[in-house]
Amino acid sequence: MDIKLELVAVPVTDVDRAKAFYEKIGFNADHDVTVSEDIRFVQLTPPGSACSIAIGRGLTRMTPGSLDNMQVVVTDIEEAYEDLRGRGVEVTEIQDLPWGSFVYFSDPDGNGWAVQQTTPRKSAEPGA
């Protein structure tokens, strides 16, 4: 039996501001539906991902900004770092760890994201 993670709710205070942020960093807006006065569902998907995020109104009881360490994976952390900076995102410097290289950023509500390159960078390898 396959079990696939396809959608994760991200708690936000201002749906339009959050949607604009995620589109700015390259996520595709798949759906934006106002179901009722109490429910608005916005689905956004990172390029190449099989899993999406949902932001909106009436979707979760989590406190906006309380989601920490959502993680996406890239093949080139330096390219991801430069791309995020070029899009105006405050991102940490690249951190090299034994299990990969990372940069971190937060959305406008403070929900934390990690971007990981799973293979060590050449510049981080011993003797490089």
Side-chain angles (χ1 to χ4, degrees):
M1 170 178 67
D2 288 342
I3 300 175
K4 299 175 184 176
L5 180 62
E6 294 193 3
L7 187 68
V8 175
V10 176
V12 300
T13 53
D14 182 324
V15 179
D16 292 320
R17 177 182 72 173
K19 180 181 178 190
F21 173 81
Y22 285 106
E23 287 179 312
K24 178 174 88 170
I25 65 170
F27 284 37
N28 182 60
D30 304 314
H31 302 284
D32 186 344
V33 180
T34 299
V35 178
S36 69
E37 211 173 275
D38 299 321
I39 300 174
R40 178 176 173 196
F41 173 79
V42 179
Q43 179 175 325
L44 300 127
T45 305
S49 180
C51 186
S52 303
I53 63 169
I55 60 173
R57 190 173 52 252
L59 302 182
T60 181
R61 293 184 303 213
M62 287 187 289
T63 303
S66 64
L67 199 57
D68 189 30
N69 207 27
M70 289 289 294
Q71 188 165 311
V72 292
V73 176
V74 298
T75 56
D76 186 332
I77 196 68
E78 292 166 350
E79 180 182 5
Y81 171 81
E82 291 300 331
D83 183 66
L84 287 166
R85 285 186 46 140
R87 293 172 187 260
V89 176
E90 288 187 33
V91 62
T92 66
E93 293 298 318
I94 298 171
Q95 297 177 18
D96 294 304
L97 301 169
W99 53 90
S101 298
F102 294 81
V103 295
Y104 302 90
F105 68 93
S106 296
D107 74 7
D109 284 291
N111 293 300
W113 287 83
V115 181
Q116 179 189 21
Q117 175 182 310
T118 56
T119 56
R121 293 188 301 159
K122 291 203 184 301
S123 61
E125 293 175 0

Asks: Write down the atom of Ile55, the atom of Val15, and the distance for their closest heavy-atom approach.
Replies: CD1-O, 3.8 Å

Asks: For a quick test of reading the model, state the closest non-hydrogen atom pair linking Pro108 to Phe21 and the distance between them.
Replies: CD-CG, 3.5 Å

Asks: Determine, for Arg40 against Asp32, whether the closest basic-nitrogen to carboxylate-oxygen distance falls under 4.0 angstrom.
Replies: yes

Asks: Please tell me whether Leu59 and Met62 are part of a single hydrophobic cluster in this structure, the criterion being side-chain heavy atoms less than 4.5 Å apart.
Replies: no

Asks: Give the minimum heavy-atom separation between Val103 and Ile94, together with the two atoms involved.
Replies: CG1-CG1, 3.6 Å

Asks: From Gln117 CD over to Ile77 CD1, what is the distance, rounded to the nearest 0.5 angstrom?
Replies: 6.0 Å

Asks: Can you sort out the partners of Arg57 under salt bridge (charged side-chain N to carboxylate O under 4.0 Å, His left out), two or more places apart, ordered by chain and number?
Replies: none

Asks: Calculate, to the nearest 0.5 Å, the distance between atoms CZ and CD1 belonging to Phe27 and Ile53 respectively.
Replies: 5.0 Å

Asks: List the atom pairs, donor and acceptor, that lie under 3.5 Å between side-chain atoms in residues 4-14 and the rest of the protein, sequence neighbours left out.
Replies:
residue: Thr13; atom: OG1; partner: Arg17; partner atom: NH2; Å: 3.1
residue: Thr13; atom: OG1; partner: Asp109; partner atom: OD1; Å: 2.6
residue: Asp14; atom: OD1; partner: Asp16; partner atom: N; Å: 3.1
residue: Asp14; atom: OD1; partner: Arg17; partner atom: N; Å: 2.9

Asks: Rounded to the nearest 0.5 Å, what separates atom CG in Asp68 from atom OH in Tyr104?
Replies: 10.0 Å

Asks: Do the non-hydrogen side-chain atoms of Ile25 and Phe105 ever get within less than 4.5 Å of each other?
Replies: yes

Asks: Are Val33 and Val42 connected in a single hydrophobic cluster, I mean Ile/Leu/Val/Met/Phe/Trp/Tyr linked by side-chain heavy atoms less than 4.5 Å apart?
Replies: no

Asks: Side-chain heavy atoms nearer than 4.5 Å, only ILVMFWY residues, links allowed to pass through others: does that put Val74 and Met70 together?
Replies: yes

Asks: Provide the closest heavy-atom pair for Thr92 versus Gln95 in the form atom of the first, atom of the second, distance.
Replies: OG1-NE2, 4.3 Å

Asks: Identify the heavy atoms of Gly100 and Gln116 that sit nearest to each other, and give their distance.
Replies: CA-NE2, 4.3 Å

Asks: Just how far is it from atom CG of Leu44 to atom CG of Asp30, taken to the nearest 0.5 Å?
Replies: 7.0 Å

Asks: Only counting residues at least two apart or in another chain, list the ones meeting salt bridge (charged side-chain N to carboxylate O under 4.0 Å, His left out) with Asp107.
Replies: none

Asks: Calculate, to the nearest 0.5 Å, the distance between atoms OH and CG belonging to Tyr22 and Asn28 respectively.
Replies: 15.0 Å

Asks: What are the two closest heavy atoms between Glu93 and Tyr81, and how far apart are they?
Replies: OE2-OH, 3.1 Å

Asks: Indicate yes or no: at least one non-hydrogen side-chain atom of Val72 is less than 4.5 angstrom from one of Ser49.
Replies: no

Asks: Are more than 12 heavy atoms from other residues, nucleotides or ligands located less than 6.0 Å from atom CZ of Arg85?
Replies: no

Asks: Just how far is it from atom OG of Ser106 to atom CG of Leu67, taken to the nearest 0.5 Å?
Replies: 10.5 Å

